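Data first, discussion second: the structure below is written as structure tokens.
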Amino acid sequence: MKTIELIKPNTFNNENHWYPKVLNATIHPMVNFFLNLDKERIIARYCHLHPKVNADKLREILSYECKYFLWGGADLINSTSADGDKNMVIIENNSCPSGQKSMPLLDDNKEDGVYRLLIERTFKPILEKKRKLVKDGRLAVLYDKNYMETSGYAAVIADVFKEDVFLVPYYSNKENEHIKIENEIFYLKQGDEWIPLRGIFRYVTQKPWNRFPINSKTKILNPIITCLAGGRNKMVAAKAYDIYNTELEEYGMKINIPDTIWDVSKNEIPLWVKKMGGQAVVKIPYSNAGQGVYTIVNEQELEEFMKLEIEYERFIVQSLIGNYNWSSVSTKGKYYHVGTMPNAKGETFVSDIRMMISSTKDGIKPLCMYSRRALLPLVNDLESSKDSWQMLGTNLSVKLGENEWTSDTNRLLIMDRRDYNKLGLGIDDLIETFIQTVLSTIAIDKMCISLINSNKKFKKKLFTSLNNDSTLLNELY
């Protein structure tokens, strides 16, 4: 188990904070070009290809400054219909996203890459706004996984602020006697002394609501309300997307999501799977890192899921995007994975794309991207496959035990000259991915705003009506 570390300035070593395959990779020119596009060029291009989109509204959207959800990372699937109607589909948006360790440098002379970009343009400004709230407070990075990236953030924060930074493990289901919260201020124990924290960079992903209060005078990126409003809660996220889509409709835009049924009890799941043609995705709304997601393509997988003992009471059921011969029948028809370019054996793999963004004074901007592919190639005939997750699941996280993780980097596709070509994505696909990520981020941020009243208090009754799962509510309250 990790211990508290004190990270000093000028200690950033890029070999410690990137996967080995990324260290010497050269970013693909198209990705570099996209990341350097200014807002007006993106608007001009997008509206040229989508003439029904209102340019002024899109400009307002890209200029949006988030109030709570300042840093996110969306996972998207490149899908298409038999008629060639292509869509980048949002699978989820994460409030503590990984990605820096998988992103080649944009500039070889800036060896801390977009680690520094996120800290300078998003984390630093929130501390400069209300720094006096916690007198003599220190800075810390709190984490429960992903040491490679969190240690990188700590080193960059130390450089940017020119002060020592604490790198602190903060696990679920542990005593955590090294941290206390008094009067909405976080304190870190060092020897016999309790040190106040003025700012926390949070990479705590597993049930973070059981360790973080909703109100905090210690500034946190991201505050816990972002997790509850959709960043770690797929149930509320689906509702946030639906509400925001109503607003977007008149401007010719929408968040592309699979058909989603929410507030489903476990006993109802077989009925919804049947309605979707026998293929569906069932999700425990509060899990992440690939945990709690079940692809169901036949009776056997449905029976195996129904036998599981699951602590939560409410689920979401979504239409499944698979191969054309075995995808769910959604309200818009049947969509299936575009997938990777065929390899030398003619095999196509399911892949997704993660886009990380952050909110700045000039609007929401992209940070980095990477992609992941499934373990096994797509097949046309389900009879030849025994486990659909191996064909459809892309997450790289592997849980070894409680609070222990590793990554299957063999399936990582990075944005370099070699891997990017396997994805078959053009510049317009990258722009669409970015806009979908921005829309989903704003939807969750607006839900955060709806859940906090004018006195900065959490609206418990509203949240309970949106997410009436007693197990989750017990964890929260």
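No hydrogens, no waters, no symmetry mates; every other heavy atom, side chains included, goes into these values. Because the structure is predicted, anything quoted here is derived from the model rather than measured.
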**Message:** Please check: side-chain N/O of Arg411 versus main-chain N/O of Arg373, any donor-acceptor pairing under 3.5 Å?
**Reply:**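 Yes, Arg411 side chain to Arg373 backbone: donor-acceptor pair under 3.5 Å.
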Considering all heavy atoms, the nearest [X]-[Y] contact:
X: Ala158; Y: Pro9; answer: O-CG, 3.6 Å
X: Leu412; Y: Asp419; answer: O-OD2, 3.7 Å
X: Ile316; Y: Met235; answer: CG2-SD, 3.6 Å
X: Val204; Y: Arg211; answer: CG1-NH1, 3.3 Å
X: Gln190; Y: Phe166; answer: OE1-CE2, 3.6 Å
X: Asn233; Y: Leu228; answer: ND2-O, 3.3 Å

**Asked** Does the side chain to side chain contact (heavy atoms under 4.5 Å, CB included) test come out yes or no for Glu149 and Tyr143, once each step is laid out?
**Response** CA-CA 10 Å; Glu149 280 190 37; Tyr143 69 96; over 6 Å; no
Within a strict 4.5 Å, meaning less than it, do heavy atoms of the [X] and [Y] side chains meet?
X: Ile200; Y: Leu221; result: no
X: Val281; Y: Val293; result: yes
X: Trp262; Y: Val236; result: no
X: Asp159; Y: Arg116; result: yes
X: Ser358; Y: Arg121; result: yes
X: Met415; Y: Phe34; result: no
X: Phe69; Y: Ser359; result: no
X: Arg138; Y: Leu6; result: yes

Are more than 12 heavy atoms from other residues, nucleotides or ligands located less than 6.0 Å from atom [atom1] of [X]?
X: Lys254; atom1: NZ; result: no
X: Asn24; atom1: CG; result: no
X: Lys124; atom1: NZ; result: no
X: Glu111; atom1: CD; result: no

Looking at [Y] and [X], is there a salt bridge between them, counting it only when a charged N and a carboxylate O are closer than 4.0 Å?
X: Lys67; Y: Asp445; value: no
X: Glu92; Y: Lys234; value: yes
X: Asp75; Y: Arg372; value: yes
X: Lys207; Y: Glu311; value: yes

**Request:** Start with the C-alpha distance between Leu320 and Trp326, add both sets of side-chain angles, then the distance that settles side chain to side chain contact (heavy atoms under 4.5 Å, CB included), and finish with yes or no.
**Result:** CA-CA 9 Å; Leu320 181 138; Trp326 47 269; 4.1 Å; yes
**Any side-chain donor near an acceptor of the partner, Asn380 and Asn323, under 3.5 Å** =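 Short answer, yes.
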**Prompt:** With respect to His17, which candidate in Phe12, Tyr153, Tyr147 satisfies the ring-ring contact (aromatic ring centres under 6.0 Å, His included) definition?
**Reply:**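 Exactly one candidate clears the test, Phe12.
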**Prompt:** In terms of the angle between their ring planes, are Trp71 and Tyr203 parallel, tilted or perpendicular, with boundaries placed at 30° and 60°?
**Reply:**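 It falls in the tilted class, 30° to 60°.
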**Asked** Per the side chain to side chain donor-acceptor pair (under 3.5 Å) rule, which among Asn94, Asp144, Asn146 passes with Thr205?
**Response**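 Going through Asn94, Asp144, Asn146 one by one, the side chain to side chain donor-acceptor pair (under 3.5 Å) with Thr205 is satisfied by Asp144 alone.
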**Atom pair CD (Glu163) and CD1 (Ile157), whose distance is rounded to the nearest 0.5 Å** =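 These two atoms lie 9.5 Å from each other.
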